[in-house]
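These notes are about the structure you will find just below.
Quick note: numbers below take in every heavy atom, side chains included, and nothing from hydrogens, waters or symmetry partners. Please read all numbers here as calculations on a predicted model, not as lab measurements.
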There are 2 protein chains.
Amino acid sequence: MSSRPASFDELDRKIVTALMENARTSFAEIGAEIGLSSTAVKRRVDRLRETDVITGFTATVRPSALGWRTEAYVEVYCEGAAPPRRLAEVVRGYPEITAAMTVTGGADALLHVRARDVEHFEEVLERIRAEPFIRKTISVMVLSHLIPESPEAGAALLAPDDAGDAG
Amino acid sequence: MSSRPASFDELDRKIVTALMENARTSFAEIGAEIGLSSTAVKRRVDRLRETDVITGFTATVRPSALGWRTEAYVEVYCEGAAPPRRLAEVVRGYPEITAAMTVTGGADALLHVRARDVEHFEEVLERIRAEPFIRKTISVMVLSHLIPESPEAGAALLAPDDAGDAG
DNA sequence: TATGAAAGGTTTACCTC
DNA sequence: GAGGTAAACCTTTCATA
């Protein structure tokens with residue numbers, strides 16, 4: 001079983017893996033590794049971008065190196081029915097909220113928050129709690145990471161074919 | 001207040017921002033935008049990599065395009081004292097676990113899990129629950145994202161100086 | 001930090017399969 | 001549809017100052 005587009009083959013997989021490991025690898029180098037010309041690699045990358053399999057290329061930074069040392073998840077409980085669109089608007093106003101999603105369970109939403117320190121986090125939390133339709137929040141502070149937050153953290157998504165499948 | 005290294009200046013900030021927006025931007029192009037030669041940009045990027053401010057360059061993919069359509073957070077409760085090192089070993093055995101951290105609150109750890117579908121997620125969860133020292137898990141399924149999981153999701157970490165500061 | 005030249009990468013057009 | 005080659009153009013790297 002595979003849910004990838006039919007056109008996603010082994011070569012595409014190798015190209016995406018290479019670009020996840022180092023987004024600045026040249027098409028020529030990738031081509032040399034997989035037996036394709038740089039032109040052919042470029043064409044495939046262009047296609048992968050057009051079909052939104054690859055959504056972009058980014059530099060990964062160590063947040064603590066930039067002074068962001070506090071990280072937490074905040075469960076949000078809303079008054080009455082929480083309209084996701086309204087929540088999305090609110091959430092976009094906070095640069096400290098780096099991810100936000102609606103979830104199953106008691107909470108309506110889960111926010112990932114980064115702050116410079118605990119004082120800063122408290123200030124952000126107070127602002128969030130002051131939003132009109134937010135009834136309650138429960139915060140879970142991140143203490144340490146058991147897996148390095150590496151650039152290739154998602155590379156397992158590209159295991160040869162159906163790795164991770166229940167089999 | 002800023003916790004960045006003293007040597008991290010406005011030009012570095014602009015360089016990192018440019019590379020987070022597109023990790024394949026040429027040094028010449030970045031230089032033209034900020035008034036530096038491509039050589040100078042390269043030197044700064046090399047230094048930012050050496051000091052681990054930039055930890056890598058990666059292609060961002062849309063997991064659903066690769067057939068990973070189910071996402072959940074799993075709170076893990078351990079028997080007795082949970083040794084983070086032991087937990088870290090276990091967690092590394094699962095390609096489906098894309099992030100894992102120790103946290104405050106009732107749970108000992110929080111796992112971010114990606115699976116192909118709900119069946120696959122259930123299978124992963126069963127394997128996790130069968131690990132010797134895991135007592136209990138609570139799963140929270142992700143329904144929808146309120147913020148796009150964009151390549152530049154972390155760009156707010158680089159706001160001009162102290163954006164997001166309590167002020 | 002700037003310059004210039006060599007090496008190498010990217011892009012386009014055209015060709016084959 | 002797929003990939004290859006060649007040429008023009010651009011980027012990177014390195015030596016030099």
Side-chain angles (χ1 to χ4, degrees), chain A residues 1-62 65 151-152 155 158-162, chain B residues 4-62 64-67 150-152 155 158 160:
Chain A
M1 171 221 133
S2 177
S3 312
R4 286 168 200 151
S7 57
F8 190 93
D9 65 11
E10 184 64 14
L11 292 171
D12 288 322
R13 211 207 87 237
K14 286 178 176 168
I15 290 169
V16 175
T17 302
L19 289 172
M20 286 180 85
E21 278 168 12
N22 179 6
R24 289 184 73 91
T25 310
S26 72
F27 299 147
E29 193 180 321
I30 295 170
E33 275 168 30
I34 67 177
L36 234 48
S37 68
S38 62
T39 313
V41 173
K42 181 190 188 297
R43 269 198 290 261
R44 280 171 177 261
V45 172
D46 287 346
R47 201 196 68 230
L48 290 164
R49 297 213 55 177
E50 269 165 28
T51 55
D52 257 20
V53 173
I54 294 174
T55 56
F57 301 103
T58 188
T60 52
V61 303
R62 201 164 37 90
E152 325 85 51
L158 285 159
D161 188 24
D162 285 323
Chain B
R4 287 166 198 152
S7 58
F8 191 92
D9 64 11
E10 184 63 15
L11 292 170
D12 288 322
R13 211 208 87 237
K14 285 178 176 169
I15 290 170
V16 175
T17 302
L19 289 172
M20 287 181 84
E21 278 169 13
N22 179 6
R24 288 183 76 92
T25 310
S26 71
F27 298 149
E29 191 180 322
I30 296 170
E33 274 168 29
I34 66 178
L36 232 48
S37 69
S38 61
T39 314
V41 173
K42 183 188 186 299
R43 267 200 294 267
R44 282 173 177 259
V45 171
D46 287 345
R47 185 175 49 76
L48 290 165
R49 296 214 55 177
E50 270 165 26
T51 55
D52 257 21
V53 172
I54 294 174
T55 55
F57 301 103
T58 187
T60 52
V61 303
R62 202 163 39 88
S64 65
L66 299 171
S150 72
E152 327 86 49
L158 284 161

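To the nearest angstrom, P of dT12(D) lies 13 Å from CZ of F27(A). One atom, CZ of R24(B), and another, C1' of dT12(D), lie 14 Å apart when rounded to the nearest Å. Here dT11(D) presents its P atom at 16 Å from CG of L36(B), a figure rounded to the nearest Å. Going from atom CD of E29(A) over to atom C1' of dT10(C) covers 15 Å, rounded to whole Å. The distance from atom CG of L11(B) to atom P of dT1(C) is 8 Å, rounded to the nearest whole Å. Taking atom CG of D46(A) as the reference point, atom C1' of dG1(D) lies 16 Å away to the nearest angstrom. Across the protein-nucleic acid pair, E50(A) atom CD and dG1(D) atom C1' stand 15 Å apart, rounded to whole Å.
You'll find that the side chain of A40(B) is closest to dT1(C), out of dT11(D), dT1(C), dT13(D). The T39(B) side chain lies nearest to dC14(D) when the options are dT12(D), dT11(C), dC14(D).
Side-chain N/O atoms of K42(A) include one lying less than 4.0 angstrom from OP1 or OP2 on dT11(C). Within the structure, a side-chain polar atom (N or O) of S37(B) is placed less than 4.0 Å from OP1 or OP2 of dA2(C). Phosphate proximity of dT13(D) to R43(B): absent, as no side-chain N or O sits under 4.0 Å from OP1 or OP2.
Bending across the helix from dT1(C)-dA17(D) to dC17(C)-dG1(D), expressed as the angle between its end axes from five pairs apiece, amounts to 30° (10° rounding).
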